[in-house]
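Have a look at the structure below, then the notes.
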Amino acid sequence: MSDSQSSSHVDSAAHAANPNLQHHFDSMEQQYESGKLGMWLFLVTEILLFGGLFCAYAVYRHNHPEIFTYAHQFLDKSLGGFNTIVLIVSSLTMAMAVRAAQLGQRRLLTTCLALTLACAFLFLGVKFVEYEHKWKHGLLWGKNYEVQGEMAGATEALMIPAAPSQSGSAADVDPNATILPRAARAPEGLAAEVGDHGDGVADAADDHATHGLEPKNVHLFFGIYFVMTGLHGIHVLAGIGVITWLLIRSLRGDFGPDYFAPVDFTGLYWHVVDLIWIFLFPLLYLID
Amino acid sequence: MSTNDTPMTPAVVPENYLNCSSGFRSWFFTLDHKRIGVMYLASILAMFLIGGIMALMIRTELLTQGQTIMSSDDYNKVFTLHGAVMIFLFIIPGIPAALGNFVLPLMLGAKDVALPRLNLASYHLYVVGALVCVLSIVLGGVDTGWTFYAPYSTTTNTHVSILTLGAFILGFSSVFTGLNFIVTIHRMRPAGMGWFDMPLMLWALYATAIIQVLATPVLGITLLLLIVERVMGIGIFDPALGGDPVLYQHFFWFYSHPAVYIMILPAMGIISEIISVFSRKHIFGYRAIAYSSIAIAAFSFLVWGHHMFTSGQSELMNMIFSALTFSVSIPSAVKMFNWITTMYKGSIRLDTPMIYALCFMFLFGIGGLTGLFLGSLATDVHLHDTYFVVAHFHYVMFGGTVIAFLAGLHYWWPKMFGRMYDEKLGRISAIIITVGFNITFIAQFIMGSRGMPRRYYDYVDEFSLLHFISSMGSYVMAIGFFMVAGYLVKSLVSGPRAHANPWGSAALEWQTQSPPVHFNFDDDPEVCNPYDYSRVQYDAASGGYVRVPSEVKPA
Amino acid sequence: MSTHENERHPDFGHVAPLKALFGTFGALLVLTVATYGATYIDLGPLNIWIALGIAVIKGSLVAMFFMHLWWDGKFNAFILICGLLFVMIFIGIAMLDSAQYQAELIPGYAPAIHP
Amino acid sequence: MSLSGMLGMLTSPLSAVSGIPFLGRADGGTFWLPVRAAEGAKAVDELFYFIFWICLFFFTLLMALMVIFAIRYRRREEGEEVEKTPSHNLPLEIVWTTIPILLVVAIFFFGFQAYLDMSTPPTDAYEIQVTGQKWKWSFTYPNGYMDELLHVPAGRPVTLVMTSEDVIHSMSIPAFRIKNDVVPGRYRKVWFTANRPGAYDLYCAEYCGTQHSGMISTVIVHEAEDFDVWIADHGDILGSVSPAEGGERLYNLLGCKQCHSTDGAPGVGPTFLDLYGTMRKIRDQADCECDEDYVRESVLDPTARISQGFEPVMPTFKGRLKDKEITAIIAYMKTLSVHAPDEPAADEAAGEAAETDTTETDAGDGGE
Ligand code: HEA
Ligand code: HEA
Ligand code: CUA
Ligand SMILES: [Cu+2]
């Protein structure tokens, strides 16, 4: 890795040369490698942070598959897919930005950072549209889950059991035992709402005969959905903050072959944000 | 004693990290790991005092049956906050962030930790987290127990969200410290110091840091979910909403069991240093101790379910977790054997740090061995959530970590502040604390195994005598602590100047003056085997130990 | 390995070749479409594993090339793998356990939702 | 040979040791462990002492060495030289790693063995339903009788089927060496065979709030024959007593006590003292008299009419209370109220019974 021009004897020279070198390091390389290791460790903590949520997801999905097969149809695959692509593009531009910083290509660096930032905003914009839609229809967590609008189609009479479940708990549902469960003919309403993106959703719904009784505790899916995407969204926001800061510094011309660590490290962070979305997307949107 | 009355008090204090600059900003915004360590030390001791006072309130309430000094609601809040303060604010940052911060770069012969700004950020987060926790106390407290079990914690109307937010912030502080230590140990080792030439304290801190980095984020997400649950009613842990309260316990213990090894590993590191130095003998089984630290760190992730044997966890998991639990006790046993063997044919000097180290082995031995009763399924069913558990974890956390912390504090005190403390008082108070501690908690073992449940405001007649004894013991312990506080403060003001190497250690931190200069070393220290004492010789003239040049005595 | 003319290369740190970056990008796009497409083929319980498999491949591509792990010191990769391993242990055990005690649950219990 | 037989063989000499006069006691308890009143407890105790002796052995050994070394090798003057000793010794280290491994494997194995026994209830066990709620236990017997105390027969396996109304509690009976959390939304089971008639403490061992330490009850172990008599006597909670007395029992059992006092003291809900027969101010609705219908409605559908000054927190008892029982509660409330129409509060018990009997026939519209 090291181009080995820095032996320990030229250290003092390096000290004088690079104002970015902190006093307690011997060389820029040592400083860079330390920062990088630190960053990787931090990323691992991020992964574990999300790991907890993935755990909650896995446990509930495994035990109550019917909730997931039913509820995911309220999510818009197309918007999710679009956002996936947005993040992949932003990852590419970020990786390019790192490269540009390393090679001292200032203009390219600025452009790439700006593009990344644009993608981040686009992502949040789409997310906002999705959230708003859920909000409007009461597709929320916990007690706030209250299907509204076209989605609350009254189909109590239909007693077709919910999507097949392995766990057996759904099969035990005794319609007389509880206050009447909410039912909804979800997909049509949604399809109408989102317009052109809707067909896939409607198809999927037909395939799986979920017109029947709504499974119990569907709100759990939305709880998990909002926590996962919410926490991810917060990370995107944080990324926007940091990238903006990078952009300003890059305009000032701070980065070059001698000093690109901040770009590199932010890049790593941004890729993890992308990486998490890569898992969130199929797990939340593409069930079946 | 040998060091007390030595007539070496230089007229002027040489410049050092303490006096090289002054003013609030020069401390609170310093990047110097030593100052950060000292600030941490002051903060955690303050928290220890708060936690200790709450402990005395608990014991006083339990002195007699029925109401003694407070209502049951207040009692519940007091033990919750006692636990939370002691764990999140005192013991987890205790050794790594306070003592570790101070000695880690010194032991590496480095100028600072690798990421000094992160280090400072970690301290600031600690302060913010502590303030948030204190806020929750001021607003009226929290009554869930330090484990915040759902659904009680999601339904009680005390200030759970604030306290958990505080703990969440403290989690980040802890992660940053750990992360920093890993990077520092990887990247800042001096030329000539391979992994197996490091002092064992560094191995211990390294293993601790692994746990901090890998486990703490899960605590973060747990607490976050708890807050979200309370604020928005998300329902993941709340059975009333279809959630699963046992899942909460998995989340919580996935962090909190490894966390107990965050507490004990650095303590073991300190003991490894002290036993060797004060026996003036190479540590026995260096590699075994080093590897066992890593083994403990790795295994610690696989045993969290032993806190859930009666919680509704499945029998299969109970079996697996019980089996794995015992696997952690083996590396601990290995360490105990190695320490004792290190003393064999040594030249043992019973100064205060060594007294504490011996007390550590006594108390941690009891604490660890009682862990075996708890790790075994059938006995844990009987003992779970009784005072037996309370006694177990005080023996390991107090008898283990706190005693080791005190050992380390006394050991590095001369290095940190350049002054000696009253050696005789040191030994006496160490004994008082140990005796008081045993009175307090042996009584709890007995009542626990006889069925006294924990977190009980009141108790049946049968346990009156034992509770009374236990409370008395805690007062004895408190006396010991106030003595320690007294002579340490006195030492700061008027203690005799400390030698650069008063104990005769061969590790690098003793090669600089006491207290060290701002950038730690005037000249690069000479890297050497930290447990080879042949080149550290007593120098009667200066009353401390000096390195003899290698020509005279080849290593 | 990278073929560059006028720019100055840094003394340390690896510069990712353009080919690798764009190649990764292309692969990611293709795989995204593939996951999307896979949902139209019903393979029962296999579905989720296919979706996850593709996600893992995508993730590894990002980690290896965008995040330079391919060229970096292996220790960073080791850390990442450790992290993932512990996440897996956590998820695995929690799932295994809660699946075991499902039988004890009172079906449909959720008083706050259905009063 | 069965595994438990092996355990017995291995530990019986040990339990003999643990029975030395200082430690052992006639009631099966020892210095460390409480009385032993269930069959499974023996295995736990033996395991306890098995671990105990192992620990004591290692602990004494290590501490003895530590003290001996500290004294024997005490440094007498600074600067003295140390005899060179090896800094490691592989065979030694292997030995002292292997021995503890073997021992903990044994401990694990016995622990697991005994645990399996205590967690697999026999199929023919006598089943008692247990409900935990803040902060009381209630036990429902197969014949519908409910009690705050746990009565069990000696010599017969009993399974407790437990659930919680609110937060997690834990059923702990030290004398039986059993403990199991009671989790809302789940049915948890625990079983035992009591073998020593007497009364033993029963605790809630999972922290559950203000009165966690007050969530104590008693297990009463009857001789098998006595138990049958007792349960027959108590088959019907209202059977052998007057409705007012039955109502009082229900009041205690169902947890009305938690919120409604009978002495006028303020609580979560209105006090029952002088409640019956008064006019109640209802939130957002017309006032109404507290008559039988109103009480009935309050119990079955508490949120229909909310008394002013109170929160709508009372749980519904629909499905948990039979009509006859509600009537009994009403009868009890009448005894507490000076406003109760045709019934002076300070009546003789006999007269009261007669009075309330009529009430029952009046109000018991198809009650069963
Ligand atoms: C510093 C903290 C610390 C440490 C180091 C330990 C160490 C151990 N702990 Fe402890 N524990 C806690 C802190 C700690 N614990 C806390 C805080 C709780 C309660 C939390 C709560 O509920 O609030 C708890 C609770 C707890 C439980 C749950 C009890 C319950 O709630 O029912 C269990 C069960 O297995 C357990 C086991 C162990 C074991 C096997 C070890 C082992 O690591 C011990 C290993 C040490 C030795 C074995 C001794 C040394 C060796 C010898 C002397 C040689 C001879 C050895 C052999 C023959 C094996 N602990
Ligand atoms: C590090 C952790 C730690 C420490 C050190 C202590 C220390 C003590 N603890 Fe605590 N305790 C816990 C962690 C700790 N505890 C936890 C986690 C719980 C569980 C809470 C829960 O159930 O949720 C608990 C619960 C707990 C209970 C059970 C409550 C219950 O279940 O109802 C009791 C009861 O006796 C108790 C007592 C004590 C006592 C007497 C001390 C004494 O040792 C304290 C002595 C200390 C002092 C008197 C302070 C003196 C300090 C100074 C003078 C400052 C200056 C010092 C120097 C300069 C060195 N503790
Ligand atoms: Cu119920 Cu504690
Ligand atoms: Cu543990």
Side-chain angles (χ1 to χ4, degrees), chain B residues 2 72-73 145 149 151-152 155-156 239 245-246 280-282 284-286 288 310-312 315 319 322-323 326 329-330 333-334 336-337 340 343-350 358 361-362 365-366 369 372-373 376-379 381-382 384-385 446 449-451 453 455-458 460 537-538, chain D residues 32-34 43-44 47-48 51 55 58-59 62-63 65-66 69-70 73-75 78-80 82-83 85 87-88 93 96-97 100-101 104 107-108 111-112 114-116 118-119 167-168 170 172 174 177-181 183-186 188 201 203 205-214:
Chain B
S2 41
S72 63
D73 276 325
Y149 272 15
Y152 186 77
T155 49
T156 172
V246 178
R280 212 176 152 68
K281 246 196 67 185
H282 193 289
F284 189 86
Y286 176 95
T310 67
S311 71
E315 280 154 37
M319 182 195 87
S322 170
F326 290 111
S329 57
I330 300 301
V334 166
M336 282 289 273
F337 296 138
I340 303 269
M343 290 170 68
Y344 175 64
K345 290 202 174 173
S347 163
I348 296 169
R349 188 174 146 175
L350 293 176
L358 299 185
M361 288 198 278
F362 180 84
I366 297 182
L369 288 169
L372 301 180
F373 292 81
S376 156
L377 278 165
T379 37
V381 168
H382 175 56
H384 173 72
D385 268 348
I446 303 171
S449 65
R450 301 188 63 84
R455 295 173 175 172
Y456 260 35
Y457 166 68
D458 199 359
V460 298
Q537 292 297 341
Y538 189 69
Chain D
W32 290 101
L33 295 163
V44 177
L47 180 62
F48 185 95
I51 306 175
C55 289
F58 276 96
F59 186 68
L62 288 177
M63 288 309 113
L65 288 175
M66 181 179 98
F69 291 169
Y73 303 114
R74 178 93 193 262
R75 193 181 305 177
E78 286 308 328
E80 73 182 12
V82 198
E83 186 188 330
T85 43
S87 70
H88 61 95
E93 293 181 56
W96 75 35
T97 313
I101 289 182
V104 295
I107 295 176
F108 160 73
F112 178 54
Y115 171 76
L116 266 195
M118 73 168 78
S119 52
V167 299
I168 304 179
S170 186
S172 160
R177 315 283 190 268
I178 56 158
K179 183 176 291 122
N180 220 338
D181 283 12
V183 185
R186 289 172 66 170
R188 310 264 303 123
D201 288 326
Y203 300 108
E206 183 62 62
Y207 176 70
C208 55
T210 315
Q211 283 302 324
H212 166 58
S213 59

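Throughout, a chain's letter reflects where its sequence line sits, starting with A, and its residues are numbered from 1. Not measured: the values here are computed from a predicted model.
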Check: [X] side chain, [Y] main-chain N or O, donor-acceptor pair, under 3.5 Å:
X: B/Arg280; Y: B/Ser347; value: no
X: B/Thr155; Y: B/Pro151; value: yes
X: B/Arg455; Y: D/His212; value: no

**Request:** Could you tell me which of B/Val460, B/Leu358, B/Val246 has the largest number of non-hydrogen atom pairs under 4.5 Å with chain D?
**Result:**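 Greatest number of close heavy-atom pairs with chain D: B/Leu358.
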**Message:** For chain D, which candidate among B/Gly451, B/Ser311, B/Ser329, B/Pro245 shows the most heavy-atom pairs at distances under 4.5 Å?
**Reply:**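 Option with the top pair count is B/Ser311.
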Residue part contacting chain D, namely of [X], when any heavy atom lies under 4.5 Å:
X: B/Lys345; value: both
X: B/Thr379; value: both
X: B/His384; value: both
X: B/Phe337; value: both
X: B/Ile446; value: both

Quick one: of [options], who has the most non-hydrogen atom pairs under 4.5 Å with chain B?
options: D/Val183, D/Leu65, D/Ile168, D/Ile178; answer: D/Ile168
options: D/Trp96, D/Phe48, D/Phe58, D/Phe69; answer: D/Trp96
options: D/Ser172, D/Gly209, D/Ala70; answer: D/Gly209
options: D/Asp201, D/Asp181, D/Leu116; answer: D/Asp181

Quick check on [X] against chain B: is it the side chain, the backbone, both or neither that has a heavy atom closer than 4.5 Å?
X: D/Arg74; answer: both
X: D/Met63; answer: side chain
X: D/Cys208; answer: backbone
X: D/Ile101; answer: both
X: D/Val44; answer: both

**Prompt:** Is the number of heavy atoms from other residues, nucleotides or ligands under 6.0 Å of D/Phe59 CZ greater than 12?
**Reply:**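 Result for CZ/D/Phe59: enclosed.
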